[in-house]
Amino acid sequence: MKKTLTLAGSDSSGGAGIQADLKTFQEHNVYGMTAITSIVAMKPETWAHDVTAIDVTIVEKQLDTILSVGIDAMKTGMLGSVDIIKLGAKKIKEHGIDLVVIDPVMVCKGENEVLQPENTDAMRELLLPLATVTTPNLFEASQLAQMDPIQTLDEMKEAAQKIVDLGAKSVVIKGGKAFMNKEAIDLFYDGHEFVVLEKEKLQTSYNHGAGCTFAAAITSNLANGDSVKEAVTKAKDFVHAAITHGFKLNDFVGPVMHGAYNQK
Ligand code: PXL
C-alpha cells in the first residue's frame, strides 16, 4: 500500500482541505496521513471563513510522526503562516521527498482576500523549487509569476514558463470555468512541452474543494507510479466526475462528490 501525506488546512464543511485529500486518497487506494496547518470554520449566518493557524511546533510534531513512517508522495494545501511554509520546505529537503505536489492555495472560493500576501512570497521562493508539480488556478499563477491577471492562453503559457523558471519541475494551470474558452482548459508544462487539457465545461457552482481534490488525485497517482503527465491527465478525469456530481450542502456551499469517479 502506497502512503501519502497532506500538509494542509482542515475544512470543517468537509469539501476542501484535508477532508477532500483524505477522501480522494481513499478513492485511489493509497493510505493517507495528515499534518494540519490551520483550521477553517465558517460563520453559520454568512459562511464567512474564519482561519486559525496551528502553532508551527505542533505542525512539526505531526510531520515527524508521519515522516517516521515514511511516504511515497505528498501534497501541500493551505499553509497558515510563513513559518509553516519554511518548515514544510525544510522537511521535504531533509527527508529527500521527491514526489511533491504544491497546491498554492491563496484564497478560498467565494472569498476575495488573499489569505496572507507574505505567504505567496514564501511559497514562490521556498516551495516552488521543491515541486514535482504545482497546481495554481489563474489567480494563483499570476501571483506566483508576478504577472497581471491572465486572460489568454498565451499569457497562461508565459506564466507556466515563469513558474518552471522559478524551479517547479512542472506546472498545471487550471483555467477553470471563468476562462474565456468554451472548454474547461488546463495547461500542463514540464519545461519541454505545453499540453492543453480540455474537457467540456460544467456550469455547476457546486464545485467547492475541486482544487484540493485535483491535487490530491495527482499525489495519489504519483504515489502509485504514474508519470507526472499521466497523473495529471487521470486526475482531471477524477475531478471532472467529482464536479459533475457536486451537490448542494446548504444555502452557501456545494462540495464536489469525491467518490463519483469510482461509482460510475
Ligand atoms: O479550496 C481552498 C481551501 C483549501 N483548504 C481549506 C479550505 C479551502 C476553502 O474553503 O477551507 C482548508
Side-chain angles (χ1 to χ4, degrees), residues 1-40 53-54 58-80 84-85 87-89 91-92 94-105 108 127 130-135 172 207-228 230-243 245-246 255-263:
M1 171 78 90
K2 300 295 184 186
K3 301 184 286 296
T4 51
L5 153 66
T6 173
L7 173 64
S10 163
D11 169 13
S12 309
S13 79
I18 53 159
Q19 288 80 359
D21 296 340
L22 279 183
K23 292 171 192 181
T24 302
F25 291 157
Q26 188 80 6
E27 291 296 322
H28 286 81
N29 205 25
V30 299
Y31 183 79
M33 294 178 273
T34 61
I36 301 180
T37 59
S38 47
I39 295 182
V40 182
I54 300 293
I58 299 174
V59 180
E60 181 159 22
K61 286 181 192 169
Q62 299 174 75
L63 284 174
D64 287 344
T65 307
I66 296 159
L67 294 171
S68 77
V69 173
I71 57 167
D72 296 288
M74 67 171 280
K75 78 173 277 277
T76 66
M78 179 187 287
L79 302 168
I84 294 177
I85 295 173
L87 173 72
K91 296 289 176 185
I92 292 169
E94 266 175 21
H95 290 263
I97 303 164
D98 60 359
L99 294 176
V100 180
V101 179
I102 304 290
D103 183 14
V105 175
C108 292
L127 282 180
L130 303 172
T132 307
V133 58
T134 182
T135 59
V172 45
N207 60 2
H208 174 66
C212 304
T213 301
F214 181 57
I218 297 173
T219 309
S220 309
N221 292 335
L222 289 175
N224 281 330
D226 288 344
S227 71
V228 180
E230 219 174 0
V232 167
T233 311
K234 282 191 197 167
K236 179 137 172 146
D237 288 341
F238 185 87
V239 78
H240 185 83
I243 298 171
H245 292 84
V256 301
M257 180 60 223
H258 308 87
Y261 185 83
N262 290 328
Q263 286 162 12

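The figures that follow rest on heavy atoms only: side chains count, while hydrogens, waters and symmetry mates do not. Keep in mind that this is a model prediction, so the values were computed, not measured.
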For [Y], is there any backbone N or O sitting under 3.5 Å from a side-chain donor or acceptor partner on [X]?
{"X": "H258", "Y": "V239", "result": "no"}
{"X": "D72", "Y": "A223", "result": "no"}
{"X": "T37", "Y": "M78", "result": "yes"}
{"X": "S68", "Y": "T65", "result": "yes"}
{"X": "T76", "Y": "L7", "result": "no"}

Take atom CD in Q62; do more than 12 heavy atoms of anything else shown fall under 6.0 Å from it?
->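 Count over threshold, so yes.
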If I compare all heavy atoms of [X] with all of [Y], which pair ends up nearest, and what's the gap?
{"X": "G15", "Y": "A20", "answer": "O-CB, 3.0 Å"}
{"X": "V59", "Y": "I36", "answer": "CG2-O, 3.7 Å"}
{"X": "N221", "Y": "A231", "answer": "ND2-O, 3.1 Å"}

Hey, do the aromatic rings of H28 and F238 have their centres closer than 6.0 Å?
->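 For H28 and F238, the ring centres are under 6.0 Å apart.
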Partner set under side chain to side chain contact (heavy atoms under 4.5 Å, CB included) for T132, not counting sequence neighbours | L99, V100, L222, V228
In sequence, state the C-alpha distance, the side-chain angles, and the governing distance for Y261 and E27, and then conclude on side-chain contact (heavy atoms from CB on, under 4.5 Å).
-> CA-CA 8 Å; Y261 185 83; E27 291 296 322; over 6 Å; no
Yes or no on side-chain hydrogen bond (donor to acceptor under 3.5 Å, both in side chains) for Q19 and D11, after CA distance, side-chain angles and deciding distance?
-> CA-CA 7 Å; Q19 288 80 359; D11 169 13; over 6 Å; no
What's the separation between atom [atom1] in [X] and atom [atom2] in [Y], rounded to the nearest 0.5 Å?
{"X": "D21", "Y": "T34", "atom1": "CG", "atom2": "OG1", "value": "9.5 Å"}
{"X": "I71", "Y": "M74", "atom1": "CD1", "atom2": "CE", "value": "6.0 Å"}
{"X": "I243", "Y": "F214", "atom1": "CD1", "atom2": "CZ", "value": "10.0 Å"}
{"X": "L79", "Y": "I85", "atom1": "CG", "atom2": "CD1", "value": "5.0 Å"}
{"X": "C212", "Y": "L22", "atom1": "SG", "atom2": "CG", "value": "11.5 Å"}

Knowing that exactly one of E230, K234, K2 qualifies, which makes a side chain to side chain contact (heavy atoms under 4.5 Å, CB included) with N224?
->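 Passing option: K2.
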Which of these, D64, L5, I97, sits in a side chain to side chain contact (heavy atoms under 4.5 Å, CB included) with K91?
-> D64
Give the intermediate values and the outcome of side-chain contact (heavy atoms from CB on, under 4.5 Å) for residues T6 and T219.
-> CA-CA 9 Å; T6 173; T219 309; over 6 Å; no
Worked verdict on K75 versus I102 for side-chain contact (heavy atoms from CB on, under 4.5 Å) | CA-CA 6 Å; K75 78 173 277 277; I102 304 290; over 6 Å; no
